[in-house]
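To start, the structure itself, in structure tokens.
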Amino acid sequence: MIVCVAVVGHQNNPLYIQSFTDADDALKLHHIVHCSLDVIDERVNNPKKSGPTLNETFLGLLYPTENYKVYGYLTNTKVKFILVTTDLDVRDADVRNFFRRFHAAYVDAVSNPFHVPGKELHKPENFRIMLSFLHPRLQNAECREVKGKTIKTSVSEEISSIAAV
Amino acid sequence: MVDPASTPLGKMLLDEITPVVMVLCTPNVEETCQKNGLTFVQMLSPFCDFNNIDVPVRTASDQPYRLHKFRIRLFNASDIRQPNLEVAKERLKQVITQVGEKDFNELCLDQPPVDNSRARSESENLPSWFQFFNKELIQISSFSDHEAFDHPVACLLVVSSKDEQPINHFVDLFNTNKLPLLLNDGAMDPKILKHYLLVHDNQDGTSEKATKILTEMRITFGSDCQLLCINSSQDGMVERQDNPWPFYKSDASLKQKLGCFLNVDDINEMKDLMQDLSSKHIIPYMELKIRVLNQQVSATRKGFRNQIKNLWWRKGKDDIVDSPNGPTYTFSSIESQIRVLGDYAFMLRDYELALSNYRLISTDYKLDKAWKRYAGVQEMMGLAYFMLDQSRKEAEYCMENAFNTYWKMGPSGQNNATRCGLWWVEMLKTRDQYKEAATVYFRICDEEPLHSAVMLEQASYCYLLSKPPMLHKYGFHLVLSGDRYKKCDQVKHAIRTYRNAVSVYRGTTWSHIKDHVHFHIGQWYASLERYDLAITYMLEVLACSHQSKTTQDIFLRDFLQIVEKTGKNFEVLKLQLPEINISSLKIIFEDHRTYASPTAASVRESTWRSLEEDMIPSLSSGRTNWLELQSKLISKKYKESNICVAGEAVKVDIEFKNPLQISISLSGVSLICELSESSESDGTKSDANSSATELQNDDESTKLTSRDMSSRNFFSLSEVDFSLGAGETVAAQLTVTPRVEGVLQIVGIRWKLSGSVVGFYNFEPNSTKKKSAKGRRANCSPSDNLKFIVIKSLPRLEGYIHPLPKSAYAGDVQHLVLELRNQSECAVKNLKMKISHPRFLNIGKRENLNMDFPSCLEKKTDSEWSCLQANPSNMSESIFMFPEDTIIQGETSFLWPLWFRAAETGNISLYITIYYEMDDVSSTMRYRTLRMHHNLQVLPSLDVSFQVSPCPSKLQEFLVRMDVVNKTSTESFQFHQLSSVGDQWEISLLQPVDTIFPSRSLLAGQALSCFFMLKSYRKSATSEEKTPPFALLGSSVRLGPQGSTELLFDISSSPLADFHHCERLHQENVHQEDPTTVDFILIYRPVKSDVNPGISDPARLFSHHACYCSIASRSPISWLVDGPRTLYHNFSASFCEIKLSMTLYNSSESVASVRINTSDSNSSRNLSDLMEAHATSSGNQVGWHDVALVTDIKVTSDVVEAKFGKSSSLESVPPFIWSGSSSTRAQVEPLSSTKIPLQICVFSPGTYDLSNYVLHWNLLLSNGEGNSDEETRRSSGTCQGYPYHLTVLQSV
Amino acid sequence: MGREVSESCVDGLLTEMVSTYCNRFYSTKPELAARRIEAIGYQVGHQLSERYTMDRPRFNDHLEAIKFICKDFWSELFKKQIDNLKTNHRGTFVLQDNRFRWLSRMSIDPSENGELSQDNPEAMAENKAAQTTSMHLYFPCGIIRGALSNLGIPCAVSADMSNLPACY
């Protein structure tokens, strides 16, 4: 299932990070997302490695790791979408499709007149509802407000998830 | 491209992969050396490095080349074996710990962690101990049997001249049982170059004996024998700067000075020895061996035939062995020989040769599944490629291949994998492929935490160095490694790495990560008992509103615990809990303006100013003008700064917000102030300032406290304690009361968070700017907004008005008392007062202070009512001057009567300002003003409207119709009197009172109309100018119940007259065009509801003033609708038919035809609608209908439109309809009247207004009529029907 | 997902906004009014660009972004592409639209904004008309600036009219 989706602004400032696990891994996911920014920059700066077609918004798989797959998407306005998923056989088409709809949701969210550009998206309802298509198992994960997490004192698991690219 | 040899990796290889010389020596030799605190090996080690040993070398190929740098490694035979892992790990650990201590000490100077840019520049010199650590790591996997470059090339046999029978010693030194495993288990060729060395200690006398032995040796062993004489210096006092040995003696204790007996020629001798050994023996020996091996190899393996044969042969034998690291190869096996050949070639820098041989066997090993050897060979290939500086891809491929192969072998390959990885990393680094290097580091690190911690840290630096720097990964790997360090409790390293990580996340909004890092640094510092540092980091995470409740809990709790551990109560500038909403900062102080209530203080300054306009001497130049009076006291630079009075509190309103989901408690919240006593000398004043300003940007909060402690006795502060719930915002009011004159500066706020941490907040000057720009103090510069000049205490009046009601019914007249209290000891004089709404509040006279109201208003005999004579002075909007003799002495209070009348419905706020002057001229301020503010709600009571029409019968007599609706919901009223104002009028009853009011009082929601007769005594048109408008002689009729003894009220007396005057002024503007008007005053009283409803409440009195009721009626037609006013009907049985009759009167001389149009469309106007339709209308004779009479046709029509428009919007089905024809026509003879029957049907109980009909009339003028007064009239017109209120009740 | 809005509504909104800011709020200082209107446009453009660039590859230089503005963005807003694009290759671009839709239905009667000085009333009228119309151009300018800056091209946008709009 999808573990986490994130929106990161053009100054690499997190705009929206939503994890769909009950596990207490906010910190971990933050780290994953944060590190993936480097990869995105790399993809963009030397596009020879980048996705199928040049300058496509969809950046493809960023991290192949044993327990996660991290996909990236970069809009024209330098806003990054990041998708962390656990199911290891994902069809690119699905991810593309997901990102397209996610983008739509994002656009609607920022079109809200009360949204201050560059500020965090405070889980606007429509945004979350738009997100609820993510995965059949997400509908309930979605309704569930993400529970409070105590700080993680050990990040050793991350090592596996950050097996570098 | 740089020469590979000079790259870090090159250097590494040049001293790692070099010939090994095995040393075997007798105890005596060691003993001799120990005099110098050295072992034999250590003694010689410094001289094994040759930077320019200029030796010609010729390997397999024929062209020779010269070798410059060269190195041999000396090892005791006992050391030539796989090192013990545990020991090695132990060493690594202690290495790291030492380093940690060292780094940590300068870390604790706590220079702020490097920011990224500096980090980049700095990390060119990474922590130097990385190199050392890596080297140690590589050492671990030395002397493996699967590679030959660690195998001894030569063997140095050393015997002391003290030994008897040295020869024999030489012999049995090299007997097998002492030899290391490598030679015995046949991994390497035991036949190696032997070199015989005799050590002579010069302290044991001269060296003849030694030379004798040497010659014997020469005879026995041949030429490779040498003599080494040491310890030539007798006294052992040899001092040398640049002592070479400590570097080779890791456990060097510095007190013992190494090599103390070795003088210069000893050292030279050793140098020569080693030089000679390596250049004359080792290198030639290796050359020779290379050539030999090369021939064998080419014989057996080169050439097509051999290849095929070899292949075929291996195919054949690969079924036999399948041990994990493949078959074992003895030194004699061709594979080993090729390997040796390769390694020798490598050591002699003939990389081509080495490479070719490695290539040759790597395939063999692969086929044999001898993975370890295969990996080793691959590794060497990679290195060879690197040193040849050709085909990077190949090199990297080989390294990776080797690495993976080692890795696949599991634990046995672990260390080799690490070594290989490190070399690989170096290779990548030299090619600036830092990112790849980082990943390799990442792959090196195994589950052993310390090891991987170091690797991760190195990896992180690689990310930093990669172009472009990958800061995110840098940070993350730092965090990871820090975490690992923590695991194997290297807390200091953990802190170091985390602190570097901070530099990555600082200034970003990745708050989760930031909090994690800060929090842990804090914790770790605390665990090292560096609480001060711990707290500085903990402070960062306090305002973590984004975190979960539990996390916030943890943070706060740990923080407080740490603070407790520090022992002292900690003081923090800009503590993040709670948030202080600086924009909510509001300062309320009283200079010459004093406020009776906080609400008064919050009123906009401009309203007060407009009110005080002409009361205060030249307010335009505000306070400055009286400042000039004592400009000698206060220097000019304070002109624009605020003034406050000693002994009077300055209030500061400010909001505290708790961002957390857990409640926090604040105690001792108070202002930080400082007050510098004013003195004549400007110097002290200025430094008082400077201290204040220097305070503002001063971060030692301790200084703050000490200072305001010192000045604590100059002023008193209020302290507030409160606790903030989750996400709660509390507005607190803090006060400071200066006691002495001087300059008071409000510096900031201090508070104590949950009893342990003291927080400070300094108001920056600019922070209050925005507020003061829009706020009341717009005229003082923001920087001085928090600075006050304290002047010596002054009298201050406090004012109260009792009993001023919060709400009243319109028309309510009350008698109030204004009380002014003077708390101070000195008196105030010439008071003035001004009231914003004279219609509502009127100033009485001292006499009627303690009269009983309302009886004082009743008509008296003419002797004494003069005192109540209305005085024009205070009726105007002007200022009321209290009599000159009024002086309010200290500690006394002063009373003055006020009259109150609720003139108008709605919410009214009354502003009263009182001006007073100080009695003693010495005081700094001449005057002050007291500002009072009251909000008042006025409810509608009676809606009264008058309509005057000329009496049909007589001239100069008029018919007055009064329509009254009781709009209250509960109150019921009883009429007391109706008076017409002005002496030319006299009003009289038309019908007896009881017929007018069937029920004595007007119940809530009830309405009625009644008629009066108004006579005019007007002699001439000029007479009314003579009578002043406010001399309210007039006539009244009592409307009270029959035979009641109540006296009439005297409308000509104050306050009624005054209020009437105000009403006149107020309503004036409405109709000037109309000369002939009359004013009415209706006085009524509420019925005491509790006691029997007949009796009205004597204490209360209402008055309604209707001014400018026009008497001029231009319509010759007047009419009167007649019929029942109230009746009962059982609607359940049927609807109710009501018969009415309309009497028309034609006052003109010609026949008039009248048409009455009734309209049901808009008929649904029951009273609620009426009320809301007229709640807005200002209350003079404007009822809702009489406009038609006083204004001409055009206005009428559109007023009609307006009414229709308004009413048509009401509910559609009318509760009653006109029955019969909707239009009735009638002829009226001149000066005669006719009756017309009308009928309505009512469907539901209620009170109805039957005004929804229109009269159209036109005079059928006979010719020749057109005299003067006819011209004023028109020949036709339209009149809107007037209200006829009918109440129908459900009968029981 | 793109919702349509009646064109006349947009026109009405524009004129209403301009008149409100120029005559009600900042009647005394027009430049302030202009800035406010431009600011509103900026936000609109910022959001529109987000939407209209949704499914298209990223631009790899400024020219592509400008072209996008000229073609797609323009036609989304004004139902037509611009007629002419010029650049001095120093970062200045000139977009020319011969029939700017939002002004195409406006015309200003020189006589009605009267109180002209006697000497040359026509010029005055022209002048006044020009001012009034340019007020209506701040909004689109803001939109374009917002769009570009959201695409990572901070810039300044100004409008210029060759001749006054007039209905035929």
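Naming convention: chains lettered A, B, ... in sequence-line order (proteins, then strands); numbering from 1 in each chain.
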Is the backbone of Met54(C) close enough, under 3.5 Å, to the side chain of Asn76(A) for a donor and an acceptor to pair up by distance? no
Any side-chain donor-acceptor pair under 3.5 Å between Thr77(A) and Glu50(C)? yes
Please look at Tyr73(A) and chain C and tell me whether the side chain, the backbone, both or neither of the residue comes under 4.5 angstrom of a heavy atom of that chain. side chain
Tell me whether the count of non-hydrogen atoms from other residues, nucleotides or ligands lying under 6.0 Å of OH in Tyr138(C) goes above 12. no
With sequence neighbours excluded, tell me which residues meet side chain to side chain contact (heavy atoms under 4.5 Å, CB included) with Glu76(C). Tyr52(C)
Residues from residues 145-157 of chain C approaching chain A under 4.5 Å (heavy atoms): Asn150(C), Leu151(C)
Spatial distance of atom NE2 (His46(C)) from atom OG (Ser111(A)) [nearest 0.5 Å]: 11.0 Å
Between Arg58(C) and Val44(A) the two heavy atoms that sit nearest each other are NH2-CG2, 4.2 Å
Side chains of Val107(A) and Gln47(C), heavy atoms from C-beta outward: is any pair under 4.5 Å? no
